[in-house]
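Step one of this worksheet: look at the structure below.
All residue numbers refer to positions in the sequence shown, counting from 1. FYI, side chains are in, hydrogens and waters are out, and symmetry mates aren't considered; it's all heavy atoms of this structure.
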Amino acid sequence: MEQLSDTALLERMQAYNDKAAFDELYHRYWEQLYVAAYARLQQDADAKDCLQEVFVSLWHKRRELRIQGPLGPYLHVALKYRVLNHLRSHQNYQKHLDIFSAIPPAVFDRADDRLALAEIQQIIEQAIAAMPEKMRQTYILSRQEQLTVREMADQLGVSQQTVKNQLTTALKRLKDALARFK
């Protein structure tokens with residue numbers, strides 16, 4: 001199949017669910033995409049995960065795809081967005097770690113106690129519910145929807161600095177609400 005063009009291989013994937021055509025495309029592009037992902041992420045496992053997601057998506061969406069032009073640039077753009085999503089997820093994970101780092105160590109001494117965990121969750125939920133509407137929306141968009149500061153500012157119709165201030169205040173309120181577990 002190596003003599004077939006990318007377009008011909010894509011057509012075979014789409015029309016006949018041709019796994020061999022997919023495999024050929026995978027082998028043609030895997031190394032250069034891996035190098036690009038690794039250059040940005042500096043982690044072998046993360047680069048391979050992003051690459052796998054790109055190729056899994058290519059296979060699952062093969063019937064809907066209408067790629068104009070060569071496949072290589074399309075795959076590089078798809079990889080770029082996967083890497084950015086990975087970095088954004090990692091950044092949000094770090095934000096959640098910040099909240100938990102604010103919880104006094106005494107809480108973790110009781111972490112095996114289901115009641116203590118339920119109480120902590122209830123305190124967090126109450127603290128979020130007690131926040132002013134815009135602050136609560138900002139916090140939820142940040143932590144649950146994983147939006148960037150700019151996206152939140154655009155969606156809420158406020159400045160980026162306002163979003164940052166609201167997030168800082170929201171995290172302080174959560175920290176204060178959990179202070180009694182010291």
Are Lys19 and Asp23 close enough for a salt bridge, meaning some N to O gap below 4.0 Å? yes
Among Thr169, Asp176, Thr168, side-chain hydrogen bond (donor to acceptor under 3.5 Å, both in side chains) partner for Lys172: Asp176
Given 3.5 Å as the limit, does a donor-acceptor pair link the side chain of Lys134 with the main chain of Leu156, or not? yes
Applying salt bridge (charged side-chain N to carboxylate O under 4.0 Å, His left out), name anything that partners Lys61, two or more places apart in sequence or on another chain. none
Would you compute the distance between atom CG of Leu71 and atom CG of Asp6 and round it to the nearest 0.5 angstrom? 5.0 Å
Check whether any side-chain N or O of Ser142 sits under 3.5 Å from a backbone N or O of Thr138 as a donor-acceptor pair, and report yes or no. no
Within the distance-only criterion (no hydrogens, no angle test), does the side chain of Gln146 pair as donor or acceptor with the backbone N or O of Arg143 below 3.5 angstrom? no
Which heavy-atom pair separates Asp18 from Trp59 by the least distance, and what is that distance? O-CZ3, 3.9 Å
Between atom OH of Tyr26 and atom CG of Leu51, what is the distance when rounded to the nearest 0.5 Å? 6.0 Å
What verdict does the side-chain contact (heavy atoms from CB on, under 4.5 Å) test give for Asn165 and Gln161, after you've listed the backbone C-alpha separation in whole Å, the side-chain angles of each residue and the deciding distance to 0.1 Å? CA-CA 6 Å; Asn165 292 344; Gln161 188 59 49; 2.9 Å; yes
Shortest non-hydrogen contact between Arg136 and Ala129, atoms and distance: NH1-O, 2.9 Å
Considering all heavy atoms of both residues, which atom of Phe55 and which atom of Leu25 are nearest to each other, and what is their separation? CE2-O, 4.2 Å
For Ala177 and Ile123, the nearest pair of non-hydrogen atoms, with its separation, is O-CG2, 3.6 Å
Is there a side-chain contact (heavy atoms from CB on, under 4.5 Å) between Glu53 and Asn85? Walk through the geometry before answering. CA-CA 11 Å; Glu53 289 174 18; Asn85 285 339; over 6 Å; no
Nearest-0.5 Å distance that lies between atom CZ in Arg82 and atom CG in Asp46: 14.5 Å
Considering residues, nucleotides and ligands other than Arg40, do more than 12 of their heavy atoms fall under 6.0 Å from its CZ? no
Looking only at atom types and distance, does a side-chain atom of Arg66 sit under 3.5 Å from a main-chain N or O of Arg63, one as donor and one as acceptor? yes
Going from CD on Gln68 to OG1 on Thr7, what distance comes out if it is rounded to the nearest 0.5 angstrom? 10.0 Å
Just how far is it from atom CD of Glu133 to atom CE of Met131, taken to the nearest 0.5 Å? 12.0 Å
Would you say Gln32's side chain and His76's backbone share a donor-acceptor pair under 3.5 angstrom? no
Quick one: does any side-chain atom of Arg62 pair with a main-chain N or O of Gln14 as donor and acceptor, under 3.5 Å? no
Report the C-alpha separation of Val54 and Leu58 in whole Å, then their side-chain angles, then the decisive distance to 0.1 Å, and conclude whether the side-chain contact (heavy atoms from CB on, under 4.5 Å) test is met. CA-CA 6 Å; Val54 167; Leu58 178 67; 5.6 Å; no
Decide yes or no on side-chain contact (heavy atoms from CB on, under 4.5 Å) for His86 and Leu41, but give the supporting numbers first. CA-CA 9 Å; His86 173 81; Leu41 297 170; 3.5 Å; yes
More than 12 heavy atoms of other residues, nucleotides or ligands under 6.0 Å from CZ of Arg150: yes or no? no
Using side-chain heavy atoms (C-beta onward) and a distance below 4.5 Å, is Leu65 in contact with Met13? no
Tell me the closest heavy-atom pair linking Ile67 and Pro70, and the distance in Å. CG2-O, 4.2 Å
Should the heavy atoms of other residues, nucleotides or ligands under 6.0 Å from CD of Glu31 be counted, would the total exceed 12? no
Gln52 side chain reached by Lys48 side chain, heavy atoms, under 4.5 Å: no
Straight-line distance of Gln160 CD to Met152 CE, nearest 0.5 Å: 9.0 Å
Looking at Tyr38 and Asp44, what are the two nearest heavy atoms and their distance? CE1-N, 3.6 Å
For Val77, the hydrophobic cluster (side chain heavy atoms closer than 4.5 Å, chained through members) also holds Tyr81, Leu84
